[in-house]
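Okay, so here's the structure we're looking at.
For ligands, and for the atoms within them, numbers begin at 1 and follow the listed sequence. Heavy atoms only: backbone and side chains are in, while hydrogens, waters and symmetry mates are out. Values in this document were obtained by computation on a predicted structure and should not be read as measured data.
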Amino acid sequence: FCALYMRSSLAKRVATLHPLPRVLDDNSTSAEVSPERFWGSYRPQVYFGMKTRSPKSIVTGLMWMRQFSSMDVNLRHTCEQGDNLQGYGWLMHDGLSFGVQEVRDKDFTLTTEFVKRKGGDHGGDWTWRVTAKQHSFSRQAPVISLMFYAAADTQGSLRAHVEEKKGLGSITGFSEELGHFKITFRKPVTGEQSNVKYACYNNLQTVTPGLERLTDIVKNSLSRRFVYSPPSGEKRHYIAVDTYKPPHQQHQQKPDDPRKESDFLLHQVTVETPFQIEVLFESASFRSRPNQLVGATMTEELEQRKAEFDARFERTFGLERKGFSQAQVRFSKAALSNMLGGMGYFYGQSVVQSAYNEYPLLYPEGALFTAVPSRSFFPRGFLWDEGFHQLLLSKWDPQVTREATAHWLDLINVEGWIPREQILGDEARSKVPAEFVVQRNENANPPTLFLALQELIEQHAADPDAPASRPTPAFLRRLFPRLKTWFEWYNTTQTGPVPNSYRWRGRDKDTNLFLNPKTLTSGLDDYPRASHPSGEERHVDLHCWMALASGIMASVARLLGEPHAEYERTHRVLSDNGLLSELHWSEQLGAFSDYGNHTQAVSLQQEKVYVPPGQPRHHYAAARLVRSVRRAPKLQHVNALGYVSLFPFLLRVLRADSPKLEHVLRDMRDADKLWTPYGLRSLSKTDPMYMKRNTEHDAPYWRGPIWININYLAVRALSHYSGVEGPYREKAAALYGELRTNIVDNVYRQYVETGYIWEQYNDSTGRGQGSHPFTGWSALTVLMMAEQY
Ligand code: 6A9
């Protein structure tokens with residue numbers, strides 16, 4: 001009984017939150033406490049939408065559709081690479097009060113803008129303006145349907161107000177957090193002063209069991225029975241949501257979906273380009289409104305905020321001062337803005353598992369305010385991505401960094417673990433294949449949030465009384481107990497058998513199916529590690545992350561007047577270049593390296609399939625690729641040259657006077673190894689795994705392509721080594737200039753040519769590849785332009 005009891009209580013730990021006081025009060029994101037950040041474009045997964053920073057927010061959004069283009073329905077809603085848009089993203093966004101986005105569809109462009117206005121007790125008002133223009137090359141002006149919607153998420157209610165000749169004129173609603181409010185749809189006009197344009201109106205008044213179903217519901221309601229009949233032009237059937245309204249009482253719930261249904265209202269306007277439409281949200285608690293935020297007033301507000309944005313951008317990053325062209329400055333504004341406009345507020349439960357659970361468990365409900373790597377392909381929080389995101393965002397608005405970091409640290413469990421990938425809520429879950437959902441509590445991810453904390457500490461040290469940095473010590477004081485717990489988790493669960501060595505847990509187990517079992521937890525997925533995962537492995541990148549983390553722990557403790565000797569000691573030991581070399585320097589490679597049970601003599605081969613005599617071979621399952629090992633593994637250095645071997649340099653653990661620095665610089669600058677005209681490639685051309693697939697379905701990922709987060713660390717390190725005394729100072733300075741130029745020029749060039757910022761860049765052509773837009777860490781290009789490290 002006792003063993004059974006122990007087991008079941010151990011099993012609960014993985015899904016038990018840490019009892020330490022939270023960094024954030026329960027109501028920290030409420031309209032009352034944080035009115036200015038209540039409403040926002042916190043739905044990065046849709047092209048245009050807003051919600052509040054609350055668990056079950058009423059959401060608003062936009063879908064659209066080109067009429068008369070072909071027989072298939074091209075409904076746009078959630079950001080999808082398959083939509084093949086020419087480009088989209090925020091061009092300006094201050095993370096707080098306004099944003100300007102451009103969406104380039106096949107033959108027209110939508111500009112989606114919003115402005116918020118303070119007032120009342122529920123986060124104020126806002127206005128949207130959507131402007132549609134046809135591309136100059138298209139002959140016929142496209143007819144477009146814009147579909148504005150509001151939907152509730154299990155709480156709150158919405159009411160439609162249908163007006164003659166205008167369809168849905170407005171929506172009124174109520175929710176606990178928003179109180180009473182009204183959303184008004186204005187008619188389409190060509191410009192501010194012009195007359196109302198001919199348009200057709202349709203609306204949908206229904207309910208939804210969840211926000212992830214909105215697109216489907218709209219698709220299923222479409223009908224072609226409506227006629228578009230402009231005063232001078234032919235009559236044509238167009239596609240629209242049908243006005244059929246299922247009476248709420250009779251509406252049948254799907255038996256397999258027991259969730260409560262919530263109101264979902266949609267207003268469709270079908271009109272020819274060019275046009276402009278405004279939508280206003282007004283809070284009933286806002287009584288002394290001077291005027292409505294529409295038309296000329298809206299234009300004025302927008303112009304003012306754009307001017308403020310431009311001035312603040314230049315003050316912060318100084319790119320014009322540095323001589324960048326107008327087009328380059330626009331690019332970097334877009335990069336920053338899409339990162340800010342990509343901030344999401346997610347709420348829900350992770351699915352987690354430990355060694356003590358037979359089946360995965362649901363994590364407690366939690367909120368996450370975070371940036372996302374990619375609005376299309378992975379619009380959710382990733383732990384180590386976030387540290388890089390916040391390096392950029394902290395320069396713009398350190399409050400965003402404090403709040404995001406606090407949210408992440410409040411998700412820590414009783415063991416000190418934070419799930420790496422945060423898939424919170426049905427909407428997020430609907431985008432992820434089941435096998436990727438479960439998060440395991442042995443698994444770490446680089447603790448990059450320490451990089452962001454380092455930045456906050458430096459900002460505070462530079463100007464303790466600046467309004468932006470003044471809250472930092474109070475924030476750190478609340479964060480510190482959780483930070484200690486988190487650090488301890490790494491420093492106990494990710495250690496190796498040799499003292500002061502570290503090992504990533506969670507490598508692939510099925511070793512005969514992969515050329516090299518992956519290490520997703522390190523963030524570098526398929527980067528080659530020891531061929532045969534074992535407890536004896538040690539990883540040089542994790543060693544360096546721990547050197548960094550212990551150093552920042554010491555700084556935070558010192559700043560707070562807390563005991564710091566132990567962190568300092570750890571930092572000193574892990575930064576000891578002698579120990580580092582003992583554990584990780586490979587004489588054979590002339591570089592730093594992982595160590596483990598390893599052989600280089602592996603390859604993927606067709607599995608041998610037994611075919612009984614006389615049987616045609618094709619009756620048997622196609623032979624899959626399996627790994628063949630030609631020489632037995634033994635304990636040795638892994639000897640892969642690439643990002644991992646650079647870590648002592650990247651995280652500046654290597655001393656400036658170390659002769660090993662010369663080796664590192666030489667390998668970096670060698671075009672047969674890591675150097676390309678577009679940045680550093682992830683794995684040396686000379687490595688046997690360079691650009692090798694891991695399985696027949698698994699293309700090389702961190703085995704050659706150029707990644708901007710690591711390149712940022714390299715540029716930053718070069719800037720560091722060129723600023724401190726040492727024999728390689730000049731060499732570092734020269735490389736710094738070259739590498740920075742190569743990266744910045746290429747990311748910019750690719751953006752101009754393709755309309756996107758990309759997940760990674762091809763090491764032989766420089767072309768952007770992988771998911772896009774990826775304004776996650778690739779947006780660090782802005783900091784390289786600004787030379788802020
Ligand atoms: C799988 C696909 C709709 C992989 O940027 C996020 C992460 C990084 O943290 C990591 O270092 N990316 C990098 O190696 C992307 C991971 C995406 C996993 C999504 C499910 C869903 O398809």
Query raised in the report: Hey, which of D763, N516, N694 is the one that makes side-chain hydrogen bond (donor to acceptor under 3.5 Å, both in side chains) with R703?
Result: N694

Query raised in the report: Can you tell me if W758 and S778 form a side-chain donor-acceptor pair at under 3.5 Å?
Result: no

Quick one: table the atom pairs, ligand 1 N or O against protein N or O, below 3.5 Å, distance rounded to 0.1 Å.
unit_1	atom_1	unit_2	atom_2	d
ligand 1	5 (O)	D385	OD2	2.7
ligand 1	9 (O)	W384	NE1	3.1
ligand 1	9 (O)	D385	OD1	2.6
ligand 1	11 (O)	W384	NE1	2.9
ligand 1	11 (O)	G523	O	2.6
ligand 1	14 (O)	G523	O	3.3
ligand 1	14 (O)	D525	OD1	2.9
ligand 1	14 (O)	D525	OD2	3.0
ligand 1	14 (O)	W702	NE1	2.9

Report task. State which residues pass side chain to side chain donor-acceptor pair (under 3.5 Å) with T215; sequence neighbours excluded, sorted by chain then number. Result -> H77

**Report entry** From Y643, Y701, Y712, residue fulfilling ring-ring contact (aromatic ring centres under 6.0 Å, His included) relative to W707
**Finding:** Y701

Report summary line: In W545, F592, Y527, Y502, the residue satisfying ring-ring contact (aromatic ring centres under 6.0 Å, His included) with F647 is W545

Query raised in the report: N357 side chain to Y359 main-chain N or O, any donor-acceptor pair under 3.5 Å?
Result: no

